Amino acid sequence: MSTLIAGDRVTHPKQQEWGLGKVLSATPDNLDVFFVGAGRKRLSRSFIQLEKAEGAASKHRLLDNLIEATLMNADDFVTVPMAIDRFMANYPDGFEDADYIKNAREANVRGNKFCVQLLSQEELSRLIEEGSFDAVCDRARHVESSTNLLTKSERKVFHDALESAPCQKLFAVALLELLYGAETDEARFKHFLRTLGILGLNKWPFATLFSFIRHPKQSIFIKPLAIQNSAKALCWRIGYKPEPNWKTYDAVLRLYSYVRTNLLEEGLMPRDLIDVQAFIWSISQK
C-alpha cells in the first residue's frame with residue numbers, strides 16, 4: 001500500500017505470526033516497521049504490500065507505549081513468548097517451581113507477612129498516636145531486612161537515615177500516608193517522595209519498596225538497572241529518570257499490567273506482582 005506513512009498500524013499478509021505492526025518511518029521505496037511478534041523490519045514497498053489496520057484491529061498496548069526508534073536494537077528485542085521460554089527453561093514448573101519460589105519469591109512473601117503484621121494501618125496509627133516513631137522505624141527496618149530487595153550499601157543508607165528522632169517522625173508519618181492514605185496513588189507517592197528528599201533517600205528502591213511489600217497485588221518495586229534493561233528488551237517506553245517520579249512509575253505499572261495479561265494468555269498464572277516482577281527481571285538476565 002503506497003500511501004502508508006509513519007504511525008500507521010499494519011499487518012503483513014504473508015507473515016501473520018508477526019502480528020500487528022507500526023510504521024516507524026516511510027520513504028518512497030521502503031518502510032521501517034515494528035511488529036509486536038517480530039520486532040523491527042525494513043521492507044521494500046515494491047515487494048511487500050502491507051495491509052493497513054484500522055479501528056479496533058489497530059489497537060495494541062505495546063505499540064501505544066513503544067520506545068523511540070533510535071533506541072531499538074533489533075537483535076535485543078524479546079517477545080513475551082520468547083521470555084516465557086527462557087523463564088521455563090530455568091523454572092520448568094513456572095511460578096510453582098520449587099527453585100523459583102526459593103530463589104525469587106520466598107523472601108518477598110516473608111516481607112509481606114511481616115509488613116501486614118508489623119505495619120498494618122492499625123499498628124502504624126497506634127504507634128504514631130503514641131509518639132513511638134522510633135518503633136515504626138525499627139519495624140520498617142525489620143520488614144526491609146526480611147526481603148532481598150536492597151543491596152547491602154542501600155540497606156545501610158536506609159538504616160542510617162532513620163537514626164535521629166526528627167527523621168523518624170517524618171518517615172513514620174509519611175509511611176502511614178503512603179500505605180493507607182485517602183488521597184490518590186499519585187498524590188500519596190509524590191508526598192512520600194518529598195519526605196524521602198528531606199531524608200536523603202530519594203532513590204527508586206527506597207521510594208517503591210514499602211508499597212510493593214505491603215500491597216504486592218497492585219504496587220511495584222523499581223530496581224533501576226533491571227527495569228531499564230527489561231523495558232528496552234521489550235521495547236516498552238518508561239521514560240526512565242534517575243530521580244523517582246510518578247510519570248515513570250505509572251509507565252512501569254502499565255508495563256507490568258501488559259506482561260501480566262500476556263502471561264495469563266499463555267497459561268502462566270502469576271499470583272501477584274511479585275511473580276510478574278521476577279519474570280520481568282529475568283528478561284534482563286540474558
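We're numbering straight along the sequence, starting at 1. All values derive from a computational prediction rather than experimental measurement.
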Discussion item. Is there a side-chain contact (heavy atoms from CB on, under 4.5 Å) between Phe77 and Met82? Walk through the geometry before answering.
Written reply: CA-CA 10 Å; Phe77 175 61; Met82 289 167 56; 5.7 Å; no
Worksheet item: Is the shortest heavy-atom distance from the side chain of Lys190 to the side chain of Glu186 under 4.5 Å?
Response: yes
Worksheet item: For Glu243, does its backbone N or O pair with a side-chain atom of Asn245 as donor and acceptor, under 3.5 Å?
Response: yes
Worksheet item: To the nearest 0.5 Å, what is the distance between CG (Leu31) and OG (Ser44)?
Response: 8.5 Å
Worksheet item: Can we say Arg126 and Glu130 salt-bridge, meaning some charged N sits less than 4.0 Å from an Asp/Glu carboxylate O?
Response: yes
Item to complete: Please confirm whether the backbone N or O of Leu124 pairs with a side-chain atom of Arg139, one donor and one acceptor, at under 3.5 Å?
Response: no
Worksheet item: For the side chain of His215 and the backbone of Leu179, is there at least one donor-acceptor N/O pair under 3.5 Å apart?
Response: yes
Worksheet item: Got a sec: does the CD of Gln16 have more than 12 other heavy atoms crowding it under 6.0 Å?
Response: yes
Practice prompt. Side-chain contact test, heavy atoms from C-beta onward, threshold under 4.5 Å: evaluate it for Trp204 versus Thr248 and give yes or no.
Written response: yes
Worksheet item: Is there a side-chain contact between Arg61 and Trp236 (heavy atoms, below 4.5 Å)?
Response: yes
Worksheet item: Between Thr261 (side chain) and Ser257 (backbone), is there a donor-acceptor pair under 3.5 Å?
Response: yes
Item to complete: With rounding to the nearest 0.5 Å, note down the distance linking NZ in Lys223 to OG1 in Thr151.
Response: 8.5 Å
Practice prompt. Using side-chain hydrogen bond (donor to acceptor under 3.5 Å, both in side chains) as the criterion, point out the one residue from Arg105, Gln277, Arg260 that pairs with Asp272.
Written response: Arg105
Fill in: Main-chain N/O of Ile283 paired to Ser230 side chain as donor or acceptor, under 3.5 Å
no
Fill in: Approximate separation, where rounding is to 0.5 Å, of Ser120 OG and Leu176 CG
10.0 Å
Worksheet item: Same cluster or not: are Ile198 and Val136 linked, directly or through other Ile, Leu, Val, Met, Phe, Trp or Tyr residues, by side-chain heavy atoms under 4.5 angstrom apart?
Response: yes
Worksheet item: Is a salt bridge present between Glu163 and Arg141, judged by a nitrogen-to-oxygen distance below 4.0 Å?
Response: yes
Worksheet entry | Smallest separation among heavy atoms of Ala207 and Leu196, with atom names | CA-CD1, 3.5 Å
Item to complete: Take Leu268 and Asp275 through the test side-chain contact (heavy atoms from CB on, under 4.5 Å) and record every step on the way to the result.
Response: CA-CA 10 Å; Leu268 272 74; Asp275 287 343; over 6 Å; no
Discussion item. Between Met88 and Ile101, is there shared hydrophobic-cluster membership here, with clusters defined by ILVMFWY side-chain heavy atoms closer than 4.5 Å?
Written reply: yes
Worksheet item: Going from CZ on Phe192 to OG on Ser211, what distance comes out if it is rounded to the nearest 0.5 angstrom?
Response: 7.5 Å
Worksheet item: Passes side-chain contact (heavy atoms from CB on, under 4.5 Å), Phe279 versus Tyr91? Steps please.
Response: CA-CA 11 Å; Phe279 178 82; Tyr91 305 116; over 6 Å; no
Worksheet entry | Minimum-distance pair of heavy atoms, taken over all atoms of Arg214 and Leu119 | NE-O, 4.2 Å
Practice prompt. Look only at the side chain of Asp8 and the backbone of Ile5, and say whether a donor-acceptor pair between them is shorter than 3.5 Å.
Written response: yes
Worksheet entry | For Ala182 against Glu177, the heavy-atom pair lying closest together | N-OE2, 4.3 Å
Worksheet entry | Parallel, tilted or perpendicular: rings of His142 and Phe114 (30°, 60°) | perpendicular
Discussion item. What I want to find out is whether Asp64 reaches Arg9 closely enough, with some N-O distance under 4.0 Å, to be called a salt bridge.
Written reply: yes
Worksheet item: Got a sec: does the NZ of Lys22 have more than 12 other heavy atoms crowding it under 6.0 Å?
Response: yes
Fill in: Any donor-acceptor pair under 3.5 Å from Ser58 side chain to Gly55 backbone
yes
Discussion item. Using a 3.5 Å distance criterion without hydrogens, assess whether the side chain of Gln168 forms a donor-acceptor pair with backbone atoms of Leu162.
Written reply: yes
Discussion item. Same cluster or not: Tyr258 versus Leu71, using hydrophobic residues (I, L, V, M, F, W, Y) connected whenever any side-chain heavy atoms lie under 4.5 Å apart?
Written reply: yes
Discussion item. Closer than 3.5 angstrom, by distance alone: can the side chain of Glu266 be matched with the main-chain N or O of Asn262 as a donor-acceptor pair?
Written reply: no
Item to complete: Determine, stepwise, if the pair Asp185 / Arg188 fulfils salt bridge (Lys or Arg N to Asp or Glu O under 4.0 Å).
Response: CA-CA 5 Å; Asp185 290 349; Arg188 300 199 320 273; 3.2 Å; yes
Fill in: Approximate separation, where rounding is to 0.5 Å, of Leu127 CG and Leu175 CG
11.0 Å
Worksheet item: Any side-chain heavy atom of Asn202 within less than 4.5 Å of one from Leu193?
Response: yes
Worksheet item: Between Phe171 and Phe206, does the ring centroid distance fall short of 6.0 Å?
Response: no
Worksheet, complete the sentence: For His60 and Leu20, the nearest pair of non-hydrogen atoms, with its separation, is CB-CD2, 3.8 Å
Worksheet item: CZ of Phe210 to SG of Cys115: how many Å apart, nearest 0.5 Å?
Response: 7.0 Å
Discussion item. Can you confirm whether Phe95 sits close enough to Met269 that some side-chain heavy atom of one is under 4.5 Å from a side-chain heavy atom of the other?
Written reply: no
Worksheet entry | Parallel, tilted or perpendicular, as decided by the 30° and 60° cut-offs, for the rings of His12 and Phe35 | tilted
Discussion item. Show, in sequence, the C-alpha distance, side-chain angles and deciding distance for Lys113 and Gln117, and conclude whether the side-chain contact (heavy atoms from CB on, under 4.5 Å) test is met.
Written reply: CA-CA 6 Å; Lys113 290 179 179 178; Gln117 177 186 1; over 6 Å; no
Discussion item. Any non-hydrogen side-chain atom of Ile274 less than 4.5 Å from a side-chain atom of Phe221?
Written reply: no
Practice prompt. Might you point out which heavy atoms bring Ser284 and Asn229 nearest each other, and give the distance in Å?
Written response: CB-CB, 3.6 Å
Worksheet entry | Enclosure of Arg40 CZ (heavy-atom neighbours >12, cutoff 6.0 Å) | yes
Discussion item. Determine whether a donor-acceptor pair (N or O, by modelled atom type, separation under 3.5 Å) exists between the side chain of Arg42 and the backbone of Asp32.
Written reply: no
Worksheet item: Salt bridge check: are Lys203 and Glu154 linked by an N-O gap of less than 4.0 Å?
Response: no
Worksheet item: Should Leu234 and Val259 count as side-chain neighbours, where that means a heavy-atom distance under 4.5 Å?
Response: yes
Fill in: Side chains of Cys235 and Met72 in contact at under 4.5 Å (non-hydrogen atoms)
yes
Worksheet item: Any idea how Tyr100 and Phe87 line up, ring-wise: parallel (<30°), tilted (30 to 60°), or perpendicular (>60°)?
Response: perpendicular
Item to complete: Specify the closest pair of heavy atoms between Ile222 and Thr208, including all atoms of both residues, with the distance to one decimal.
Response: N-OG1, 3.0 Å
Discussion item. Taking Arg271 first and then Glu96, would you say they form a salt bridge - that is, a charged N and a carboxylate O separated by under 4.0 Å?
Written reply: yes
